[in-house]
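Here is the structure we will look at, set down as structure tokens.
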Amino acid sequence: TVSAMPPSIDYNAEGMIKVKTGDMEEAAALFEKAVQAGPDNFNAWNNLGLALRKIGKNEEALKAYQRAIAIKPDFALVYKNLGIVLEQMDRKKEAAQAYLKYAELNPSAADARVAGEKAAKLMGPGKGKGIEP
């Protein structure tokens with residue numbers, strides 16, 4: 001059957017199904033196809049970063065998140081994911097900045113306050129004071 005959706009969106013959707021079944025290697029391969037088919041698909045770049053992080057490819061995940069941000073700088077979710085990967089890479093200050101950006105872009109999110117608190121913790125005592133969601 002011929003799909004009405006562009007290939008990038010199809011690959012991204014297939015990748016999400018693989019994420020739900022826990023097959024991150026296959027998901028990453030599908031998200032890779034999605035960004036090749038649609039280089040401006042910021043959702044696919046974000047998802048590629050997520051899948052890569054889950055299989056331990058943090059450097060590649062970081063690059064994917066940065067591509068998503070380059071395409072859509074106000075895409076809140078990618079900053080949260082960026083914060084997670086930077087934290088795993090022990091880049092605390094950058095992780096804190098990413099969490100703060102997420103909270104700033106999405107203040108009504110259920111976890112926006114948590115992101116702000118996480119940022120303050122990562123920055124250490126005395127830093128990040130006065131940051132309110």
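All residue numbers refer to positions in the sequence shown, counting from 1. Side chains included, hydrogens not; waters and symmetry mates left out as well; all remaining heavy atoms used.
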task: Flag yes if Ile55 and Ile17 sit in one hydrophobic cluster, no otherwise; membership is Ile, Leu, Val, Met, Phe, Trp, Tyr, and two members link when side-chain heavy atoms are under 4.5 Å apart.
output: no
task: Run the numbers on Tyr65 and Arg53 for side chain to side chain contact (heavy atoms under 4.5 Å, CB included), then give the verdict.
output: CA-CA 10 Å; Tyr65 292 144; Arg53 180 175 63 79; 3.9 Å; yes
- request: State, with a plain yes or no, whether a side-chain heavy atom of Lys101 is found less than 4.5 Å away from one of Lys80.
  value: no
- request: Please round to the nearest 0.5 Å and tell me the distance separating atom CG of Leu30 and atom CG of Asp23.
  value: 9.0 Å
Heavy-atom side-chain proximity of Phe31 to Val19 below 4.5 angstrom: yes
message: For a 4.5 angstrom cut-off between non-hydrogen side-chain atoms, does Lys93 reach Leu122?
response: no
statement: Rounding to 0.5 Å, atoms NZ (Lys92) and CG (Leu86) come to a distance of 12.0 Å
task: Indicate yes or no: at least one non-hydrogen side-chain atom of Trp45 is less than 4.5 angstrom from one of Ile69.
output: no
message: Show, in sequence, the C-alpha distance, side-chain angles and deciding distance for Glu87 and Tyr99, and conclude whether the side chain to side chain donor-acceptor pair (under 3.5 Å) test is met.
response: CA-CA 10 Å; Glu87 196 175 349; Tyr99 287 134; 2.6 Å; yes
- prompt: Have Asn12 and Asn41 got a donor and an acceptor in their side chains that come within less than 3.5 Å?
  reply: no
- prompt: How far does CD of Glu94 sit from CG of Leu62, to the nearest 0.5 angstrom?
  reply: 7.5 Å
query: Are Tyr11 and Leu48 connected, step by step, through hydrophobic side chains (Ile, Leu, Val, Met, Phe, Trp, Tyr) whose heavy atoms are closer than 4.5 Å?
result: no
message: Within the structure provided, determine whether Pro39 and Arg67 are in side-chain contact (heavy-atom separation under 4.5 Å).
response: yes
- prompt: Is Leu100 close to Met123 at the side-chain level, that is, under 4.5 Å between some pair of heavy atoms?
  reply: yes
- request: Drop me the distance from Leu77's CG to Phe42's CZ, to the nearest 0.5 angstrom.
  value: 10.5 Å
- prompt: Linking I/L/V/M/F/W/Y whenever any side-chain heavy atoms sit under 4.5 Å apart, do Leu105 and Leu82 land together?
  reply: yes
message: For the CD atom of Glu32 and the CG atom of Asn47, what is their distance to the nearest 0.5 Å?
response: 12.5 Å
task: Enter the distance from Asp111:CG to Lys118:NZ here, rounded to the nearest 0.5 Å.
output: 9.0 Å
